[in-house]
Amino acid sequence: MTAEVPIAPALSYGRLIPVTVHFDDLDALGLLHNARYPVMVERAWAELWQEHGFRFEGDWAAAGDACNAVKELRISYEAPVTKPGGYAVHLWLERLGNTGLTYGFRFCSADGAVTYAEGARVLVRLDSATLRPAPWSERFRAAGRELLRPAG
């Protein structure tokens with residue numbers, strides 16, 4: 001008799017982006033430090049948006065939709081990450097407004113089956129000159145619509 005390999009859950013929305021936890025990401029207790037989760041989520045988002053041609057390269061005026069700021073961050077830690085290795089971040093949009101958006105995330109096992117942390121973050125698109133809210137471009141909105149979680 002052979003052991004059954006668990007089947008990874010199929011994602012019905014969003015994207016699963018691979019991330020790596022390194023030894024120096026762990027705290028003194030050997031757990032992934034709580035402050036590292038948002039950093040890894042941010043890196044996963046940066047990778048995803050770069051795939052769509054959105055990136056910050058040091059010039060806020062040229063950054064366009066990459067000129068944005070965090071308004072709110074919520075995270076809930078569900079299970080400890082206790083060792084370095086390959087994991088993933090499941091990313092999706094909950095809401096895509098005119099000048100802001102809310103994205104959801106799960107820090108999970110590489111196959112998406114186990115959730116270690118989950119949360120949401122609100123971003124506001126900024127005008128680089130005034131730092132006031134500004135509308136997302138239509139190109140950004142089109143890419144964002146692909147990531148929207150279905151209602152219900």
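Computed from a predicted structure; not experimentally measured. For the numbers below, each heavy atom of this structure counts, side chains included, while hydrogens, waters and symmetry mates do not.
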Closest heavy-atom contact between [X] and [Y]?
{"X": "Asn68", "Y": "Arg125", "value": "CB-CA, 3.9 Å"}
{"X": "Leu91", "Y": "Phe105", "value": "CD2-CB, 4.0 Å"}
{"X": "Ala44", "Y": "Val19", "value": "CB-CG1, 4.3 Å"}
{"X": "Leu147", "Y": "Trp49", "value": "CD1-CH2, 4.0 Å"}
{"X": "Asp65", "Y": "Ser137", "value": "OD2-OG, 2.5 Å"}
{"X": "Val21", "Y": "Leu32", "value": "CG1-CD1, 4.0 Å"}

Hydrophobic cluster membership, [X] vs [Y], 4.5 Å side-chain cutoff:
{"X": "Phe56", "Y": "Leu48", "result": "no"}
{"X": "Trp92", "Y": "Phe54", "result": "no"}
{"X": "Val89", "Y": "Leu73", "result": "yes"}
{"X": "Leu31", "Y": "Tyr77", "result": "no"}
{"X": "Ile75", "Y": "Leu101", "result": "yes"}

(message) Over 60° means perpendicular and under 30° means parallel, so tell me whether Tyr37 and Phe107 are parallel, tilted or perpendicular.
(response) perpendicular
Examine distances only and state if a side-chain atom of [X] and a backbone atom of [Y] form a donor-acceptor pair shorter than 3.5 Å.
{"X": "His90", "Y": "Tyr13", "value": "yes"}
{"X": "Trp136", "Y": "Gly100", "value": "yes"}
{"X": "Arg145", "Y": "Leu96", "value": "no"}

If I take atom [atom1] from residue [X] and atom [atom2] from residue [Y], how far apart are they, to the nearest 0.5 angstrom?
{"X": "Tyr87", "Y": "Cys108", "atom1": "OH", "atom2": "SG", "value": "11.0 Å"}
{"X": "Asp127", "Y": "Thr99", "atom1": "CG", "atom2": "OG1", "value": "11.5 Å"}
{"X": "Thr102", "Y": "Arg95", "atom1": "OG1", "atom2": "CZ", "value": "4.0 Å"}

Please tell me if the side chains of [X] and [Y] come closer than 4.5 Å, counting only heavy atoms from C-beta onward.
{"X": "His33", "Y": "Leu26", "value": "no"}
{"X": "Tyr116", "Y": "Arg106", "value": "no"}
{"X": "Ser128", "Y": "Asp59", "value": "no"}
{"X": "Pro84", "Y": "Asp25", "value": "no"}
{"X": "Val122", "Y": "Val70", "value": "no"}
{"X": "Cys67", "Y": "Leu126", "value": "yes"}

- Task: Tell me, yes or no, whether the heavy-atom count around Arg132 atom CZ, taken from other residues, nucleotides or ligands under 6.0 Å, exceeds 12.
- Result: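 Not buried by this count: 12 neighbours or fewer within 6.0 Å.
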Judged by modelled atom types alone, do Glu47 and Trp45 share a side-chain donor-acceptor pair under 3.5 Å?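 No, no side-chain donor-acceptor contact under 3.5 Å.
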Q: Please lay out, stage by stage, how Glu51 and Arg15 fare under the test salt bridge (charged side-chain N to carboxylate O under 4.0 Å, His left out).
A: CA-CA 12 Å; Glu51 288 176 11; Arg15 288 276 307 279; 2.9 Å; yes
field: Charged N-O contact under 4.0 Å between Arg121 and Glu42
entry: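 Counted as a salt bridge, because a side-chain N and a carboxylate O are separated by less than 4.0 Å.
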* Does Tyr103 have Arg149 sitting over its ring (NZ/CZ under 6.0 Å from centre, angle to axis within 45°)? -> no
